[in-house]
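Structure first, then comments.
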Amino acid sequence: MARALALAAKGLESTSPNPRVGCVLVKDGRIVGEGWHQRAGEPHAEVHALRMARHAALGATAYVTLEPCSHFGRTPPCADALIEAGVARVVAATEDPNPLVAGRGLARLRAAGIVAEHGLMQTAAHELNIGFMARMTRGRPWLRMKSASTLDGKTALNNGTSQWITGAAARRDGHRWRARACAILTGIGTVREDDPELTVRAVPCERQPLRVLVDAKLDVSPRARILHGAPILIATASDDGARIRALEADGHQVVALPNAVGKVHLLGLMQELAARGLNEIHAEAGLKLNGSLLREGCVDELLMYVAPVLVGDLAQGLFRLPELESLDGAMRLHIHDVRSIGEDLRIIARPITHGAER
């Protein structure tokens, strides 16, 4: 199963909206076939492994990181392919939460006389597809908020200078996280202040994630770099038809999601992104949008790069959140991972809600 998970990770950047899946076929103590799902619309992991194994698949055990599908999508059901190949046993790391599958794949295998089990290395398999799991079970993607700050929690000087707080290794690592995301999200404040491209550049990337801009009033300048290159998705609260038509004429998509106070409804935006088949969202924004995303319960994970630098209390902070009068109201986090990246520290933390990690 560890080998199957390693194979699945080869599709880290390319399988969306599908999950990342690997499969290994074992017979008489040796691997006779293996494969991974490479792109949506192409053969699934099981099919690649069966093609490699050919007749050796008869009587083999299939180790697959996700329950084999049981429905016709863009490709035929993998459960049927395993049955036709005559495998004797299927071990899935985890069940598929997709309502079109949800246990039916394993049930179909058992009905055909195949021993079918699940649960082996389940946690690792869930982490590999955490965005897909989130989208299928709750109807919104997994949102990962990235930040780069000093040791005293500042993201920029008071005059806006922020390049560069962290070192080259941390910035390159941040691009790896961009590359695995389905979309990169930012706000109009960041676009005005930093004019970012929001593309993957520091590491190889097969496809660029969709760029999503939260711009309540459609204030984005036509010269902004985010509007150049591939079209972007703009979430707004504005009904300025002329501005919307101009942006759409340039190929961009505009979706109006106003809330009661004239801002963008952020949870509604998450649902919209899920409806578009996006599994993981990588947010790189300023303290205002960061604070709003946290307050509205959109953030699942904080990806924080911390540099061994101090700049003082007048510099700009990470999140704009309401003042607390008691620590009882503080947002509690679970530290999921901590490691050094070059000279900087990378912390991955997840909000805790009602006593449980989200």
Side-chain angles (χ1 to χ4, degrees), residues 1-26 31-54 56-57 60-85 87 90-98 100-101 105 120-121 124-136 141-142 144 175-184 199-210 230 274 276-282:
M1 188 63 78
R3 172 62 180 166
L5 286 165
L7 289 169
K10 290 177 178 287
L12 197 65
E13 304 166 8
S14 59
T15 64
S16 179
N18 292 350
R20 302 139 180 163
V21 183
C23 179
V24 173
L25 291 170
V26 177
I31 292 176
V32 296
E34 62 180 29
W36 70 94
H37 182 44
Q38 298 173 19
R39 295 172 193 83
E42 295 185 6
H44 290 187
E46 298 92 326
V47 174
H48 285 297
L50 290 170
R51 286 176 179 173
M52 179 177 173
R54 304 181 67 184
T61 294
Y63 293 91
V64 61
T65 59
L66 188 69
E67 174 186 3
C69 61
S70 55
H71 66 290
F72 280 89
R74 285 191 270 182
T75 59
C78 291
D80 290 354
L82 292 166
I83 293 168
E84 291 168 8
V87 300
V90 174
V91 181
T94 184
E95 289 186 304
D96 188 340
N98 186 340
L100 297 174
V101 185
L120 180 63
M121 301 187 73
H126 186 276
E127 286 290 328
L128 184 64
N129 281 309
I130 199 161
F132 176 80
M133 299 291 185
R135 181 167 67 87
M136 286 295 160
W142 182 265
R144 181 177 294 114
H175 276 254
R176 292 191 184 96
W177 287 94
R178 277 188 183 184
R180 70 172 282 169
C182 304
I184 303 173
T199 56
V200 180
R201 301 180 302 281
V203 297
C205 184
E206 183 173 311
R207 61 94 181 97
Q208 289 288 339
L210 173 70
R276 292 169 179 260
L278 304 180
N279 296 325
E280 292 184 23
I281 310 302
H282 179 96

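The figures here come from the full heavy-atom set of this structure, side chains too, leaving out hydrogens, waters and symmetry mates. Worth saying up front: this structure is predicted, and the values here are computed from it rather than measured. Numbering starts at 1 and runs along the sequence shown.
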Backbone of [Y] reached by a side-chain donor or acceptor of [X] within 3.5 Å:
{"X": "Thr94", "Y": "Ala125", "answer": "no"}
{"X": "Asn129", "Y": "Pro19", "answer": "no"}
{"X": "Arg39", "Y": "Gly11", "answer": "no"}
{"X": "Thr15", "Y": "Gln38", "answer": "no"}

Within the structure provided, determine whether [X] and [Y] are in side-chain contact (heavy-atom separation under 4.5 Å).
{"X": "Pro97", "Y": "Phe132", "answer": "yes"}
{"X": "Gln208", "Y": "Arg178", "answer": "no"}
{"X": "Leu50", "Y": "Leu82", "answer": "yes"}
{"X": "Asn279", "Y": "Pro141", "answer": "no"}
{"X": "Arg144", "Y": "Ile281", "answer": "no"}
{"X": "Cys182", "Y": "Ser16", "answer": "yes"}
{"X": "Pro209", "Y": "Arg180", "answer": "no"}
{"X": "Val21", "Y": "Leu128", "answer": "no"}

Measure the spacing between [atom1] of [X] and [atom2] of [Y] and express it to the nearest 0.5 Å.
{"X": "Leu5", "Y": "Thr65", "atom1": "CG", "atom2": "OG1", "answer": "6.0 Å"}
{"X": "Leu66", "Y": "Cys23", "atom1": "CG", "atom2": "SG", "answer": "11.5 Å"}
{"X": "Met136", "Y": "Leu100", "atom1": "CE", "atom2": "CG", "answer": "7.5 Å"}
{"X": "Leu7", "Y": "His37", "atom1": "CG", "atom2": "NE2", "answer": "14.0 Å"}

Tell me every residue that passes salt bridge (charged side-chain N to carboxylate O under 4.0 Å, His left out) with [X], counting only those two or more places apart in sequence or in another chain.
{"X": "Glu84", "answer": "none"}
{"X": "Arg176", "answer": "Asp173"}
{"X": "Arg201", "answer": "none"}
{"X": "Arg3", "answer": "Glu34"}

request  = Would you please name every residue forming a ring-ring contact (aromatic ring centres under 6.0 Å, His included) with His282, sequence neighbours left out?
outcome  = none
Grab the two heavy atoms, one from [X] and one from [Y], that are nearest each other, plus how far apart they are.
{"X": "Met121", "Y": "Ala93", "result": "O-CB, 4.1 Å"}
{"X": "Gly35", "Y": "Ala49", "result": "N-CB, 3.9 Å"}
{"X": "Asn18", "Y": "Ala40", "result": "ND2-CA, 3.6 Å"}
{"X": "Val101", "Y": "Gly105", "result": "CG1-N, 4.1 Å"}
{"X": "Ser70", "Y": "Pro77", "result": "C-CB, 3.8 Å"}
{"X": "Ala56", "Y": "Ala60", "result": "O-CB, 3.9 Å"}

request  = Under the side chain to side chain contact (heavy atoms under 4.5 Å, CB included) rule, what do Val91 and Val64 come out as? Steps first, then yes or no, please.
outcome  = CA-CA 6 Å; Val91 181; Val64 61; over 6 Å; no
key: Stepwise side chain to side chain contact (heavy atoms under 4.5 Å, CB included) check, Leu278 with Leu210   = CA-CA 9 Å; Leu278 304 180; Leu210 173 70; 4.0 Å; yes
request  = Enumerate the residue pairs fulfilling salt bridge (Lys or Arg N to Asp or Glu O under 4.0 Å) with a member in residues 9-26, sequence neighbours excluded, ordered by first and then second residue.
outcome  =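 Salt bridge (Lys or Arg N to Asp or Glu O under 4.0 Å) check on residues 9-26 returns Arg20-Glu280.
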request  = Using the side chain to side chain contact (heavy atoms under 4.5 Å, CB included) rule, take Ile31 and Leu25 through it: C-alpha gap first, then chi angles, then the decisive distance, then the call.
outcome  = CA-CA 6 Å; Ile31 292 176; Leu25 291 170; over 6 Å; no
query = Could you go step by step and tell me if Cys69 and His44 meet the side chain to side chain contact (heavy atoms under 4.5 Å, CB included) rule?
reply = CA-CA 9 Å; Cys69 61; His44 290 187; 3.7 Å; yes
